[in-house]
Amino acid sequence: MSNFRSEFLREAHARGFIHQITDESGLDAKLASGTPQVAYIGFDATADSLHAGSLVQIMLLRLFQRTGHRPLVLMGGGTTKIGDPSGRDETRKLLSDADIAANTRGIRAVFDKYLDFGPGKALSADNSEWLDGLKYIPLLREVGRHFSVNRMLSMDSVKLRLERDQPLSFIEFNYMVLQSFDFVELARRYGCIMQMGGSDQWGNIVMGAELGRRMGGLELFGLTTPLLTTSSGAKMGKTAAGAVWLNADRLSPYDYFQYWRNTEDADVVRFLKLFTDLPLAEIAKLEKLAGAEINEAKKVLAFEVTKLCHGESAATEAAETARRTFEQGAAAEGLPTIEVPGGELERGIAVLDLFVRANLAASKSEARRLVQGKGAKLNDAVVESDTLVVNRGHLAADGAIKLTAGKKRHALVRAV
């Protein structure tokens, strides 16, 4: 249904966020009641930063707050110790408590950019608060009895692993029980009525809503977003050089800007709806751009997405660096820069190693393919040999060496 009464569901539907809802009319009525509601999304601490693949969920929480409700960010300090089997063919590596704590801090910092926390505003919790203290026998009696093993085996997160003859550990099998218990606990503690997540979480979300009804007669709802890929079928948030991280210490604002600037033509409007706050009427105007003009829409997308993640000044600097680099051909100072010891440059550095160190290639073999395909440049000149040794003689007048991978990825090398 698209004639929602609640502003959140209307806007979420129009922007392409909605894949499935457990009870559309019931949820719509709840959200249109005039009372701010609480909804959550959980994020396990498997790395010290989220990447662009998590942006759909982050922007959905942001939209929830923009339409008058209270988003709740649930950090998975407890569930990370188990490992979510959803969408995976192999068991996740178990992390230490110290690693989980460090990753939680890195991820939590991302949300301060997108949400407004405080009394009556966005909420934050960590499921280690209640999961770490659970006693096994009481959990089996109070929670486990509400789960049918037959039903659990039918869930995609379990079924797909078994169908592919991939091992599913007993500890992972318990993940959906704990995620369901999280939903009930958040409903009790914060009055949370809805869990949101990607389409691969549908089974776990439904189980949580059912557990709330069975354990406490709670009316809980679930909403999932579509699986998001680019028009060419690539997974969101991944590039040949690695993940598109949201933390600046993992990926520079310039490289982040360039990732969005290089969006495929067919994805621009869809991404403007999902990843920016631009009004839909304004996006409709950009949708009319065609041919070379679509590059203007890509610049808007890159600027708006970078502004949300890294701030307006960083977005402005990235846009100006890109303009100078591509439109004026300058080796702009704002490009990502790596520093190498002067003595090392004096002795010479293999060009393949330099491209890897500058994060323009994920490995030497990838750098070699880049050179062999005439896609690697040094000071705007094509690198003709993958055995080239770069030394001080390659420094330009400004004291830097400019590296280019493909048409749009650049880095500077400076001696220190």
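Treat the numbers as computed from the prediction; the structure is a model and nothing was measured. One is the number of the first residue; the rest follow in order along the sequence.
Under a 3.5 Å cut-off, the side chain of Thr404 and the backbone N or O of Lys377 do not form any donor-acceptor pair. With His69 contributing its side chain and Gln37 its backbone, the two residues share a donor-acceptor pair below 3.5 Å. In this structure, Asn379 contributes its side chain and Ile401 its backbone to no donor-acceptor pair below 3.5 Å. Of the possible polar contacts, one joining the His394 side chain to the Asn391 backbone as a donor-acceptor pair under 3.5 Å is found. Between the side chain of Thr67 and the backbone N or O of Phe64, at least one donor-acceptor pair lies under 3.5 Å. Here the side chain of Asn103 pairs a donor or acceptor atom with the backbone of Asp48 at under 3.5 angstrom. Formation of a donor-acceptor pair under 3.5 Å by the Arg62 side chain with backbone atoms of Tyr114 is found in this model. Side-chain atoms of Glu11 never come within 3.5 Å of backbone atoms of Leu63 as a donor-acceptor pair (strictly under, hydrogens ignored). Judged purely by atom type and a 3.5 angstrom limit, Asp126 uses its side chain to pair as donor or acceptor with the backbone of Ser128. Within the 3.5 Å criterion, the main-chain N or O of Asp255 finds no donor-acceptor partner in the side chain of Arg409.
Scanning all heavy atoms of the two residues, the minimum distance from Phe257 to Ala319 falls at CZ-CA, 3.6 Å. The two residues Val371 and Val383 make their nearest non-hydrogen contact at CG1-O, 3.6 Å. The heavy-atom pair separating Asn204 from Met176 by the smallest distance is OD1-CB, 3.2 Å. Residue Arg357 comes nearest to Ile338 through the heavy atom pair O-CG2, 3.7 Å, listed as atom of the first residue, atom of the second, then distance. The nearest pair of heavy atoms linking Ala125 to Trp130 is CB-CH2, 4.4 Å. Residues Ala322 and Tyr254 share a closest heavy-atom pair of N-CE1, 3.9 Å.
The shortest distance between side-chain heavy atoms of Met207 and Phe183 does not fall below 4.5 Å. When side chains are defined from C-beta on, Val38 does not count as touching Leu186, because their heavy atoms never get closer than 4.5 Å. Within the 4.5 Å cutoff, the side chain of Val351 has heavy atoms near those of the Phe355 side chain. Annotation: side chain of Gln57 is in contact with side chain of Phe43 (closest heavy-atom distance under 4.5 Å). The shortest side-chain heavy-atom distance between Leu251 and His51 does not fall under the 4.5 Å cut-off. The shortest side-chain heavy-atom distance between Asp353 and Lys364 falls under the 4.5 Å cut-off. Looking at Glu317 and Thr321, their side chains come closer than 4.5 Å, going by heavy atoms from C-beta outward. For the pair Ser180/Phe147, a side-chain contact is recorded, criterion being any heavy-atom separation below 4.5 Å from C-beta on.
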In sequence, state the C-alpha distance, the side-chain angles, and the governing distance for Val268 and Val300, and then conclude on side-chain contact (heavy atoms from CB on, under 4.5 Å). CA-CA 10 Å; Val268 176; Val300 171; over 6 Å; no

Which is it for Glu304 and Asp277 under the side-chain contact (heavy atoms from CB on, under 4.5 Å) test, yes or no, and what are the steps along the way? CA-CA 8 Å; Glu304 293 294 330; Asp277 291 337; over 6 Å; no

Under the side-chain contact (heavy atoms from CB on, under 4.5 Å) criterion, do Thr316 and Lys307 qualify, and how do the steps go? CA-CA 8 Å; Thr316 300; Lys307 181 175 72 172; over 6 Å; no

Do Leu178 and Leu134 pass the side-chain contact (heavy atoms from CB on, under 4.5 Å) test, and can you show the C-alpha distance, the side-chain angles, and the key distance before you say yes or no? CA-CA 10 Å; Leu178 297 185; Leu134 287 176; 4.3 Å; yes

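Between atom CZ of residue Phe275 and atom CG of residue Leu55 there is a gap of 5.5 Å, rounded to the nearest 0.5 Å. Of the inter-residue distances, the one linking Met194 atom CE with Leu223 atom CG reads 5.5 Å to the nearest 0.5 angstrom. The distance from atom CG of Leu228 to atom CZ of Arg270, rounded to the nearest 0.5 Å, is 5.0 Å. Annotation: the span from Leu9 atom CG to Lys30 atom NZ amounts to 14.0 Å, rounded to 0.5 Å. Met75 CE to Arg108 CZ: the interatomic distance, rounded to the nearest 0.5 Å, is 8.0 Å. Note: His13 NE2 to Ile18 CD1 = 6.5 Å, rounded to the nearest 0.5 Å.
With respect to the salt-bridge test (charged N to carboxylate O, under 4.0 angstrom), the residues Glu344 and Arg347 do not qualify. A salt bridge between Glu7 and Arg10 is absent, with no side-chain N of the basic residue lying under 4.0 Å from a carboxylate O of the acidic one.
Every residue two or more places apart in sequence or in another chain was checked for a side-chain hydrogen bond (donor to acceptor under 3.5 Å, both in side chains) with Gln65, and none qualifies. Taking Lys285 as the reference, nothing meets the salt bridge (charged side-chain N to carboxylate O under 4.0 Å, His left out) condition, with sequence neighbours excluded. With sequence neighbours left out, Asp23 forms a side chain to side chain contact (heavy atoms under 4.5 Å, CB included) with Ser25, Phe221.
A perpendicular orientation is assigned to the rings of Trp260 and Tyr256, their planes being inclined by more than 60° (bins at 30° and 60°).
Only one option out of Ile107, Asp112, Leu115, Leu123 pairs with Val73 in a side-chain contact (heavy atoms from CB on, under 4.5 Å); it is Leu115. The residue from Thr263, Val269, Asp265 that alone fulfils the side-chain contact (heavy atoms from CB on, under 4.5 Å) condition with Asp267 is Thr263.
Between Tyr40 and Tyr190, the ring centre distance reaches or exceeds 6.0 Å.
With hydrogens and angles left out, the side-chain atoms of Gln195 and Gln179 include a donor and acceptor closer than 3.5 Å.
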